[in-house]
Number of protein chains: 2
Amino acid sequence: MIHSKPSKNIQKICNAKGISLTQKRQNIFHILLSSKIPLSAYDLTDVYKNKFETAMPTMSIYRILEFLTASGLVHKLESTNKYIACSHLQCDHEHSNAQFLICNSCSGVEEITLTSELHKQIETGAEQTGFKVESLQFELHGTCKACLNTH
Amino acid sequence: MIHSKPSKNIQKICNAKGISLTQKRQNIFHILLSSKIPLSAYDLTDVYKNKFETAMPTMSIYRILEFLTASGLVHKLESTNKYIACSHLQCDHEHSNAQFLICNSCSGVEEITLTSELHKQIETGAEQTGFKVESLQFELHGTCKACLNTH
DNA sequence: TTAGCAACGATATATCATATCATCTGATGT
DNA sequence: ACATCAGATGATATGATATATCGTTGCTAA
């Protein structure tokens with residue numbers, strides 16, 4: 001099983017980034033941080049209702065997800081249309097080269113960072129065709145260590 | 001601008017693969033082959049109607065897309081939920097290491113093949129965490145050569 | 001205090017995809 | 001030729017994901 005690191009001084013991180021993290025945005029972010037698996041916007045609607053005993057419209061969830069992804073606090077998994085908290089919030093470096101290992105068995109996700117060497121090689125390969133790479137997100141599907149060990 | 005190679009002896013290829021390529025499947029495939037940009041299932045519904053002057057239910061389009069992707073004739077782009085003909089049909093080799101260069105300007109897609117060396121390095125990186133990779137599809141977004149040249 | 005703006009709510013609708021059962025069609029054995 | 005069977009397709013319904021738009025709230029700063 002794979003899960004995110006626990007929440008830490010996120011508010012400070014946001015202040016440093018100049019990000020206005022409202023209570024509701026924090027709530028959504030914390031749900032994602034404490035979830036072992038990625039959640040869809042509608043999953044979040046349900047969890048929010050259960051956890052905070054008040055409903056948030058899915059439209060608002062989407063807006064908040066957009067804000068959080070733009071801020072780099074949350075990633076959208078394109079192969080599953082689900083959302084996950086960034087697990088490298090404590091790092092300073094850019095995460096333009098994130099890579100997600102998605103377990104087909106437990107749905108857990110591990111976020112690792114491509115070595116800059118590898119990242120560069122990939123960009124170079126693409127740019128040999130005259131293509132200018134602006135963004136990339138690699139999602140690998142398979143089976144995580146824990147699930148392999150339990151057969 | 002980027003586009004697929006023209007259709008060739010697809011029927012022969014399919015026979016060789018033991019694939020039953022019905023007329024309707026051929027029609028869908030040919031629309032994708034002749035499209036300069038990836039199409040959604042609903043795009044295909046519209047194009048089909050215009051081109052063949054008879055409607056095909058979207059449900060059938062989805063079934064045919066499933067068949068074509070399972071057969072390796074068509075790829076689904078996960079970052080855009082659209083479908084594109086495989087541009088390496090004449091090759092014999094496996095395409096498990098395909099990489100898609102998606103132009104944010106013209107929506108064109110170029111399908112290139114990762115060097116097996118690079119492919120291996122990426123897998124190795126993942127597997128160092130104990131993760132067993134089963135499938136991957138790399139989609140890079142950026143700007144293609146033609147769009148770069150026209151500013 | 002109030003003008004302005006960002007956040008959020010409410011509602012509608014667009015877009016992407018699957019479930020299920022019915023019907024058609026073409027290959028096969030007799 | 002006919003029956004039969006399976007795979008392909010049609011028809012209908014519904015589920016899942018996402019965006020558009022306009023109204024309301026609530027903070028903040030002159």
Original post:
Could one point to a donor on the side chain of Tyr62(B) or the base of dA19(C) with an acceptor on the other under 3.5 Å away?
Top reply: no
Original post:
Across the strands shown, which category fits Ser40(A) at heavy-atom distances under 4.0 angstrom: base, sugar-phosphate, nothing?
Top reply: sugar-phosphate
**OP:** Just call it for Met59(B): base, sugar-phosphate, or nothing, with non-hydrogen atoms closer than 4.0 Å on any strand.
**Re:** base
Original post:
Just how far, in rounded Å, is C1' of dC8(C) from CG of Leu21(A)?
Top reply: 15 Å
Original post:
Can you check the Met56(B) CE to dT12(D) P distance for me, whole Å?
Top reply: 17 Å
Original post:
Quick one: Phe52(B) CZ to dG10(D) P, roughly how many Å, whole number?
Top reply: 13 Å
Subject >> Test ring-ring contact (aromatic ring centres under 6.0 Å, His included) applied to Phe67(B) - qualifying residues, sequence neighbours left out >> reply: none
Original post:
For Leu39(A) and dT17(D), what is the distance between atoms CG and P respectively, to the nearest whole Å?
Top reply: 11 Å
Subject >> Enclosure of Lys51(B) NZ (heavy-atom neighbours >12, cutoff 6.0 Å) >> reply: yes
**OP:** To the nearest Å, give me how far apart CD1 (Ile64(B)) and C1' (dA17(C)) are.
**Re:** 16 Å
Original post:
So, is Thr22(B) close to the dA8(D) phosphate, meaning a side-chain N or O under 4.0 Å from OP1 or OP2?
Top reply: no
**OP:** Check the distance between dT15(C)'s C1' and Tyr83(B)'s OH and give it to me in whole angstrom.
**Re:** 12 Å
Subject >> Arg25(B) side chain, from C-beta outward: closest of dT9(D), dG9(C), dG10(D) >> reply: dT9(D)
Original post:
Which of the following nucleotides, dA17(C), dT17(D), dC16(C), is nearest to the side chain of Lys76(B)?
Top reply: dA17(C)
Original post:
Within less than 4.0 Å of OP1 or OP2 of dG10(D), is there a side-chain N or O belonging to Lys24(B)?
Top reply: yes
Subject >> Value in whole Å for how far the C1' atom of dT12(D) lies from CD1 of Ile61(B) >> reply: 17 Å
Original post:
Any N or O donor-acceptor pair linking the side chain of Arg63(A) to the base of dG9(C) at under 3.5 Å?
Top reply: yes
Original post:
Does the gap between the ring centers of His75(A) and Tyr83(A) come in under 6.0 Å?
Top reply: no
Original post:
To the nearest angstrom, how far is Glu78(A) atom CD from dC16(C) atom C1'?
Top reply: 15 Å
Original post:
Would you find more than 12 non-hydrogen atoms of other residues, nucleotides or ligands less than 6.0 Å from Glu127(A) atom CD?
Top reply: yes
**OP:** Among dA17(C), dT17(D), dA18(D), find the nucleotide with the atom closest to the side chain of Asn81(B).
**Re:** dA17(C)
Original post:
If you look at every heavy atom in Ser107(A) and Pro38(A), which pair is closest and at what distance?
Top reply: O-CD, 3.2 Å
